[in-house]
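Single-structure report; data block below.
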Amino acid sequence: MSWHQGTLVGFDLETTGTDVESDRIVTAALVRLDPDGAVAEQRTWLLDPGVAIPEQASAIHGIGTDHARKHGTRAASAVEEIAHAVAEVLRSDVPLVVMNARYDLSLLDRECRRYGLPSVEERVGGAPSPVIDPLVIDKHVDKYRKGKRALQALCDHYGVTLDGAHDASADAVAAVRVVRRMGERHRPVATLPPDELHALQIRAAAEQSASLQAYLRRTSDPAAVVESAWPLIPRGA
């Protein structure tokens with residue numbers, strides 16, 4: 001049975017911004033979907049990130065500073081739970097589906113460092129794997145398609161309904177359903193074992209970054225640098 005026909009777990013974060021080195025987790029979700037596509041189990045977290053949530057971020061995910069401070073779990077405790085739960089999934093060899101994994105997994109790694117906690121990498125004894133990233137796969141299988149590649153755009157393209165965009169649970173579920181559709185449409189990807197698909201994404205992500213970097217240097221910024229590591233940006237990179 002191909003990976004897209006089996007159990008998959010979606011992971012998503014909503015955060016205070018877009019910088020993995022300085023921003024914080026506001027909400028998180030892990031959602032397990034059965035082979036029939038039904039949600040079998042989900043865990044969600046609301047954090048008090050310990051900093052003010054910028055209005056731009058609140059406008060996206062709907063969580064303001066006051067709400068997070070009143071109802072959120074202390075960040076260090078929640079980050080420990082999230083990292084433990086993610087590591088449990090990876091140790092079980094169930095593929096972890098993460099839209100733009102380079103961002104979410106790297107931010108979780110930096111949050112672990114911030115609070116002196118073991119990283120997911122340390123908990124599993126190596127790089128997080130197997131990870132399936134719909135953003136990387138879509139760019140690989142449909143390199144020249146015009147238009148956006150955000151989750152909503154991928155849902156539209158692959159015929160997946162996204163109810164409640166930028167809710168961590170809704171986004172995690174949608175990401176899983178998108179990669180299932182990718183597996184159905186793109187047999188060369190579907191037939192790869194998860195570990196080989198993970199390795200393919202490492203190569204594809206690096207190629208995609210190199211292409212974007214070359215484009216930016218040619219058109220707008222001669223000094224542009226685009227991160228190539230996937231699914232985790234090394235600390236200090």
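Position 1 is the first residue of the sequence, and the numbers go up from there. Please read all numbers here as calculations on a predicted model, not as lab measurements.
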Heavy-atom donor-acceptor pair, [X] side chain to [Y] backbone, under 3.5 Å:
X      : Y      : answer
Gln5   : Ser2   : yes
Asp133 : Ala101 : yes
Asp167 : Ala170 : yes

Test ring pair (Phe, Tyr, Trp, His ring centres under 6.0 Å) applied to His198 - qualifying residues, sequence neighbours left out: Trp230

Residues clustering with Ile53 (ILVMFWY side chains joined when closer than 4.5 Å, directly or via others):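 Via sub-4.5 Å side-chain contacts, Ile53 links to Val26, Leu46, Ile63.
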
Those residues that, when tested against [X], pass salt bridge (Lys or Arg N to Asp or Glu O under 4.0 Å) (two or more places apart):
X      : result
Asp142 : Arg145
Arg203 : none
Arg123 : Glu80

Salt-bridge present (Glu121, Arg235; N to O < 4.0 Å): no

Ion pair check, Arg114 and Glu111, cut-off under 4.0 Å: yes

CG-CG distance between Leu13 and Asp104, expressed to the nearest 0.5 angstrom: 4.0 Å

Val120/Leu108 under side chain to side chain contact (heavy atoms under 4.5 Å, CB included): CA gap, chis, key distance, verdict: CA-CA 8 Å; Val120 171; Leu108 177 57; 3.8 Å; yes

Greater than 12 external heavy atoms within 6.0 Å of His84's NE2: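 No.
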
Test salt bridge (Lys or Arg N to Asp or Glu O under 4.0 Å) applied to Glu21 and Arg113, step by step: CA-CA 10 Å; Glu21 302 298 340; Arg113 177 176 62 180; 3.2 Å; yes

Side chain to side chain donor-acceptor pair (under 3.5 Å) pairs, two or more places apart, involving residues 151-164: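 Of all non-adjacent pairs touching residues 151-164, those that pass side chain to side chain donor-acceptor pair (under 3.5 Å) are Asp138-Tyr158, Gln152-Asp156.
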
Sequence neighbours excluded, every pair satisfying side chain to side chain donor-acceptor pair (under 3.5 Å) that has a member inside residues 206-220: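 Sorted result for residues 206-220: Arg102-Ser209.
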
Candidate pair Val89 and Leu96, rule side chain to side chain contact (heavy atoms under 4.5 Å, CB included), full reasoning: CA-CA 7 Å; Val89 173; Leu96 184 71; 4.1 Å; yes

Minimum heavy-atom distance Pro231-Ser106, with the two atoms named: O-OG, 4.1 Å

Pro128 versus Leu90, closest heavy-atom pair with distance: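 Reported closest heavy-atom pair: CB-CD1, 3.7 Å.
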
Suppose we screen for side-chain hydrogen bond (donor to acceptor under 3.5 Å, both in side chains). Which residues come up paired with [X], at least two apart in sequence or across chains?
X      : result
Asn100 : none
Asp195 : none
Thr16  : Asp23

Side chain to side chain contact (heavy atoms under 4.5 Å, CB included) assessment of Arg181 paired with Val160: CA-CA 8 Å; Arg181 293 290 177 86; Val160 171; 3.9 Å; yes

Check: Thr15/Tyr103 side-chain N/O donor and acceptor closer than 3.5 Å: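 Side chains of Thr15 and Tyr103: pair found under 3.5 Å.
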
Cluster link Val176 to Leu197, ILVMFWY, side chain under 4.5 Å: yes

Step-by-step side chain to side chain contact (heavy atoms under 4.5 Å, CB included) determination, Met182 to His4: CA-CA 8 Å; Met182 289 178 175; His4 76 283; over 6 Å; no

Salt bridge (charged side-chain N to carboxylate O under 4.0 Å, His left out) contacts in which one or both residues fall within residues 39-58, not counting sequence neighbours: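 The answer is Arg32-Glu41, Arg43-Glu81.
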
Check: Gln201 and Ile137 side chains under 4.5 Å, non-hydrogen atoms: yes

Within residues 5-47 or reaching into it, pairs that qualify as ring-ring contact (aromatic ring centres under 6.0 Å, His included) - sequence neighbours excluded: none

